[in-house]
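Order of the sequence lines sets the chain letters (A, B, ...), proteins ahead of strands, with each chain counted from 1.
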Number of protein chains: 2
Amino acid sequence: MSTEKEVTIYDIARKLNISSATVSRALNDDPVVSKKTKQKIFDLAEQMGYRTNLFARNLRNNRTNTIGVIIPRINSFFMSSVISGMEKVANQSGYNLIISQSSESVEKEIKNVKTLYNSRVDGLLVSLAYDTIDTSHFDVFFKMRLPLIFFDRVVEHEHATNIIIDNRKKAYEATQHLIDQGCRRILHVTAIPRQTVYVERLAGYKQALADHNIKFKEDYVIINDLSHRAGIETAAIIQAMNTMPDAVFVSNDDCAIGCMIALKKAGIRIPDDIAFVGFNNDPISTIVEPNLTTIDYPGYEMGVVAANNLINHLHLNGVAPIHTTNTIIIRSELIIRASSLKRK
Amino acid sequence: MSTEKEVTIYDIARKLNISSATVSRALNDDPVVSKKTKQKIFDLAEQMGYRTNLFARNLRNNRTNTIGVIIPRINSFFMSSVISGMEKVANQSGYNLIISQSSESVEKEIKNVKTLYNSRVDGLLVSLAYDTIDTSHFDVFFKMRLPLIFFDRVVEHEHATNIIIDNRKKAYEATQHLIDQGCRRILHVTAIPRQTVYVERLAGYKQALADHNIKFKEDYVIINDLSHRAGIETAAIIQAMNTMPDAVFVSNDDCAIGCMIALKKAGIRIPDDIAFVGFNNDPISTIVEPNLTTIDYPGYEMGVVAANNLINHLHLNGVAPIHTTNTIIIRSELIIRASSLKRK
DNA sequence: TAAGTATATACAACCGATTACATATTTTTT
DNA sequence: AAAAAATATGTAATCGGTTGTATATACTTA
């Protein structure tokens, strides 16, 4: 075994006594090259173990066939499903994915944008960090007319497409479902309503209450980081209340389950004393007892749609500017399980 | 807003009336360039919004600062943790990660290797697909002396480093623990012992039985794909047995939990009738009731170690050939929870 | 001050593919 | 058989950095 020198089109050209231009054309299947020559070139390339030097190509073409992805964190069921979907689509279309995590911090997100910009990705798929409000760090992309798609945690932007689910409607449905079960004191546990997702969910929750003549109470909204641990803490808060709620609608399954388990340990019956609805439809929602009612948030599909959309746009190459489609709403669904069924 | 032309070192050189070579050297902080000139160049580069063209650089340097990752599937807790760890390390060292999924198929894996090879990744981090036995598709990498690290699903190879946990020992401990709890009819549910991981676990299981004078029975080993669904099917098999086992040691939490829940539904008490031990320490193992005894498999750490190792090797640039370290064993641990505690 | 050394900058080739344009070869038409 | 058209191939510039070598300038030293 020894390090082999890379084979170039020049090597092939020399051996066949033809010009490198012809080799290049042949390898790109240019119809202008005769079938005979093409075959010779293909065969020799194969035999010599030729592989395109993508830098040389990209340097000329000024395209990388690479898509940048920025997400808060990869290791949740939802996010890894999204990535899985994106990877599949990208791979099929000959694109590579460069994934970077913002770890929920704007600073890191800004750094990531810079890195990906310098890596000359052809476009960007982004789910915003927890505390991103100002999005001017993406301006470099808009300036260079590079397509950008936000998904899940999005922000309205004239030059970007958003891919989301109808958070308001689903939150409405979740709340209404609880009301239908006879609940009246419904708590909403969510993250700071800074990101649209949470604003919308809160709005849906409020609307459902209003539509059923239930008065909205400020202290029935609990704000935390939606972690499992936060769920446990929320359980303590609930137990300390004068009148306990009869239902809790949480913006994420992890947190919902943390809370549910803690309450169960304290002897509170789910759903009889307190009904629960989560959000995301993580696999854990079917493991916990009772199984958690939740909103199915199709991560894989979201990843597929986001990547497809970006790649389509890249192929149209500016023919259809990205702001023609502004928002894509993915189908999502309330899945009713035992944790919220008071009336069997 | 308008598409801006990219700024090159030539633009900077022209404006400052110096040569592009000096600009290039200055931007790479070459000590041969005077401080004054450097400052001028830095300032102008900043002001003009210069960014390095990585293709041009890579074309010259023949390095990409990119690491390829091939995994069976990203959307499991374990794998996404691994990736998370890799991404963190890579990002810190200025490397990009290109992740591709083999979807547990050799064919796809072969395709991925080719793609990554053509993308000129500097090295490869690989966890093998379910049915990969022959690994000759990695030969191109060895041939070009590109470093390759296997993790989790590994294969012995003279030129690759393996990063694993001590599967045999941990399986031994898990089995011994069950024996200590008084179990004697211990079932082992695992994948086809084709990949070392499963071979080792099976070996550890057998060894523990042997060391405690329990006769190994061929039909106490159940082979499936370790999915949740497979767990449910396994529950049916167990119930159909003449004498049911008093313990089950499963090679993965997902499958263990599927089986456990199905048995519970059938009225079998866990752990009193049948004790359970899983593998991986997925978050679900603390959600299910009773909580699942399992082996903590530190994915994040594994990702960190794998990426660190590869990058170290890249920086040493052949000084330390990769086969000097052949195997790295990550610490892992049996975590005892209620699902296996017969003696409280 | 002249020679010698150190420091700073410039020149130009190079990495490997792409492609507009020029030229050569073959085929078709008259 | 000559001209026209169609087809196939070649020439050379280009993308934007990097770097070995040459040259120019400043600083020591004798």
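- Ring geometry, B:H157 versus B:F142: the interplanar angle falls under 30°, so the pair is classed parallel (tilted spans 30 to 60°).
- Between A:D29 atom CG and C:dT19 atom P the separation is 14 Å, expressed in whole Å.
- Side chains of A:D122 and A:T64: a donor-acceptor N/O pair is present below 3.5 angstrom, by distance only.
- Counting atom types as modelled, B:R57 pairs no side-chain N or O with a base atom of D:dT18 as donor and acceptor under 3.5 Å.
- C:dC14 atom P lies 17 Å from atom CG of A:N53, rounded to whole Å.
- Residue A:A56 has its side chain nearest to C:dG16 when only C:dT18, D:dG17, C:dG16 are considered.
- Following rounding to the nearest Å, B:D11 (CG) and D:dG16 (P) show an atom-to-atom distance of 8 Å.
- Per the geometry, CG belonging to B:N17 stands 8 Å off P belonging to C:dA10, to the nearest Å.
- Nucleotides of DNA chain C nearest to A:V7 and B:V32 differ in position, and the one nearer the 5' end is that of B:V32.
- One interatomic measurement links the two molecules: CG of B:N118 to C1' of C:dG16, which rounds to 14 Å at whole-angstrom precision.
- Nucleic acid contact for B:S24: base, since at least one base atom lies under 4.0 Å from a heavy atom of the residue.
- How far OH of A:Y117 is from CZ of B:R51: 3.5 Å, rounded to the nearest 0.5 Å.
- Counting only heavy atoms from C-beta on, A:S19 has its side chain closest to D:dT11 among D:dT11, C:dT19, D:dG17.
- B:L27 comes within contact range of no nucleotide atom at all, as no heavy-atom separation falls under 4.0 Å.
- Side-chain contact between A:Q39 and A:V33: absent, with no pair of heavy atoms (C-beta onward) separated by less than 4.5 Å.
- At whole-Å resolution of the value, CG in B:L54 and C1' in D:dT18 are 14 Å apart.
- As judged by a 4.0 angstrom heavy-atom cut-off over every strand, A:D30 is placed among residues making no nucleic acid contact.
- In this structure, A:E87 CD and B:Q101 CD are separated by 4.5 Å, a value rounded to the nearest 0.5 Å.
- In this model, the phosphate group of C:dT18 is approached by a side-chain N or O of A:N28 to a distance below 4.0 Å at OP1 or OP2.
- As judged by a 4.0 angstrom heavy-atom cut-off over every strand, B:V33 is placed among residues touching the sugar-phosphate backbone only.
- Counting to the nearest Å, the P atom of C:dA8 and the CG atom of B:L16 are 17 Å from each other.
- Using a 4.0 Å heavy-atom distance criterion, A:I9 is classed as a base contact.
- The distance between atom CD1 of A:I18 and atom P of C:dA17, rounded to the nearest whole Å, is 13 Å.
- At a cut-off of 3.5 angstrom, the base of D:dG20 holds at least one donor-acceptor pair with the side chain of B:R25.
- Closest approach to the B:R60 side chain among C:dA17, C:dC14, D:dG16 is made by C:dC14 (side chain taken as heavy atoms from C-beta onward).
- Among the heavy atoms of the strands, none lies under 4.0 Å from B:N58.
- The side chain of B:S34 approaches C:dA8 more closely than any other nucleotide in the set D:dT18, D:dA8, C:dA8.
- Across all strands shown, B:Y10 has heavy atoms under 4.0 Å from base atoms, whether or not it also approaches the sugar-phosphate.
- Taking side-chain N and O atoms only, A:T52 has no distance below 4.0 Å to OP1 or OP2 of C:dA17.
- Using cut-offs of 30° and 60° on the angle between ring planes, the pair A:F138 and A:F150 is perpendicular.
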